[in-house]
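Remarks on the structure that follows.
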Amino acid sequence: MTDLGAGRVALAVRAQIESIGTSRLSRPDQWLLSTVDRAGITQRTEHAILTDDCFDTFTYTASPKPGTTVEGWSVVQALPEIVALQFVPLVQAESAPMDAPRFVTPAPAKVTIALATAPAPVTALAPATVTTTPSAVALLPATTPELAPESSTTAVPTTVPTPKKTTPAVGVTCSPPGDDYATAADGSTLKCTKAGGPSAKWVQSVPLLGTRTPGAPCEVGSGVATSPDGEEMFCLGQGPDSNVWTVVN
């Protein structure tokens with residue numbers, strides 16, 4: 001692709017959309033796709049321009065007409081540290097004219113998909129083999145070593161200054177995984193993450209709610225939580241009745 005923004009990654013989304021009603025559905029694009037980062041914040045995506053040799057591989061998804069099913073790709077630019085992808089479909093009302101479109105709320109109104117990051121493969125190293133080659137050794141008569149005269153040395157204690165810890169604030173650098181969540185001077189919640197750049201920094205975060213049970217009902221956007229095992233969890237689902245606390249690796 002061309003013109004990839006600084007600090008952004010290319011995200012290719014393959015979708016199959018079935019319009020089972022009589023209204024026209026919208027296709028996933030940069031206006032309807034958003035991401036959720038590790039701070040629990042929803043981020044908008046941007047349009048990605050593909051080069052000519054990529055069009056055959058990443059064919060764009062068309063907008064499905066009533067009673068049809070379409071399948072294809074949507075390629076967008078997004079900030080890194082993504083844990084979930086969201087799609088909010090637009091459904092045009094049947095009675096609305098083309099020059100004055102009107103939209104209705106579908107069910108579900110928003111689709112959220114958790115993204116799992118595969119761990120890096122671990123390569124086992126073969127044990128080192130040490131080979132000893134025998135050699136001739138000349139024996140010398142035993143001698144009594146001479147002891148060096150004792151010297152009196154007084155140890156002087158030294159004091160190593162402790163580095164002053166930087167107060168967490170938006171935009172200040174931090175060091176994951178030692179730094180995770182923190183509270184700013186104004187009482188707001190901060191998250192240490194690499195979102196938007198190559199180095200980690202403190203960014204504004206939704207509130208840290210404490211320990212919650214995986215699979216328990218929750219409200220999207222209310223905050224982030226941790227499982228009893230200390231794993232980070234986000235509120236994900238496809239509607240008010242299916243949103244649950246989900247562990248995202």
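Heavy-atom basis, side chains included; hydrogens, waters and symmetry copies ignored. Numbers here simply count residues along the sequence, with the first being 1.
Take E71 and apply the salt bridge (Lys or Arg N to Asp or Glu O under 4.0 Å) test, not counting sequence neighbours, and it matches R14. Under the side-chain hydrogen bond (donor to acceptor under 3.5 Å, both in side chains) criterion, S34 pairs with Q86, sequence neighbours left out. Residues passing the side chain to side chain contact (heavy atoms under 4.5 Å, CB included) test with T69 are Q16, E18, sequence neighbours excluded. Looking at residues two or more places apart in sequence or on another chain, you find a side chain to side chain contact (heavy atoms under 4.5 Å, CB included) between A184 and D186, S188, L190. Listed by chain and number, the residues in a side chain to side chain contact (heavy atoms under 4.5 Å, CB included) with P217 amount to none (sequence neighbours excluded).
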**Message:** Using the rule given for side-chain contact (heavy atoms from CB on, under 4.5 Å), can you reason through T246 versus F234, listing the C-alpha separation, both sets of side-chain angles and the distance that settles it, and then say yes or no?
**Reply:** CA-CA 5 Å; T246 306; F234 296 86; 5.8 Å; no
**Asked** Does the side-chain contact (heavy atoms from CB on, under 4.5 Å) test come out yes or no for L33 and F87, once each step is laid out?
**Response** CA-CA 5 Å; L33 288 173; F87 171 51; 3.9 Å; yes
**Asked** So Y181 and T189, side-chain contact (heavy atoms from CB on, under 4.5 Å) or not? Walk me through it.
**Response** CA-CA 7 Å; Y181 286 94; T189 304; 4.0 Å; yes
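A salt bridge links E232 with K191: the closest approach of a Lys/Arg side-chain nitrogen to an acidic carboxylate oxygen falls below 4.0 angstrom.
Residues K201 and C192 fail the side-chain proximity criterion, which asks for heavy atoms closer than 4.5 Å. T183 has its side chain out of reach of P168: every pair of non-hydrogen atoms, C-beta onward, lies at least 4.5 Å apart. The shortest side-chain heavy-atom distance between T213 and W245 does not fall under the 4.5 Å cut-off. Considering only heavy atoms from C-beta on, V13 comes within 4.5 Å of L85 through its side chain. Put simply, the side chain of V172 reaches to within 4.5 Å of the side chain of W202, judged on heavy atoms.
Put simply, the side chain of T45 never gets that close to the backbone of V76: no donor and acceptor are under 3.5 Å apart. Between the E81 side chain and the R38 main chain, no donor and acceptor come within less than 3.5 Å of each other. A donor-acceptor contact shorter than 3.5 Å is absent between the side chain of T112 and the backbone of K110. Under the 3.5 Å distance criterion, the side-chain polar atoms of T226 are left unmatched by any main-chain donor or acceptor of G230.
Linking Ile, Leu, Val, Met, Phe, Trp and Tyr whenever their side-chain heavy atoms come within less than 4.5 Å leaves V220 and V36 in two separate clusters. Tracing side-chain contacts under 4.5 Å through hydrophobic residues (I, L, V, M, F, W, Y), one never reaches I41 starting from L208; they form parts of separate clusters.
Going from atom CG of L11 over to atom CG of L79 covers 11.0 Å, rounded to the nearest 0.5 Å. Atom CG of residue D180 and atom OG of residue S205 lie 9.5 Å apart, to the nearest 0.5 angstrom. Rounding to the nearest 0.5 Å places OG1 of T35 at 13.0 Å from CD1 of I113. To the nearest 0.5 Å, atoms SG (C235) and CG (L209) are separated by 9.5 Å.
Listed by first and then second residue, the ring pair (Phe, Tyr, Trp, His ring centres under 6.0 Å) pairs involving residues 61-84 are F58-W73 (not counting sequence neighbours).
Closest of all the heavy-atom pairs between V224 and G40 is CG1-CA, 4.0 Å. In terms of heavy atoms, A225 sits closest to R212 at CB-CG, 3.5 Å.
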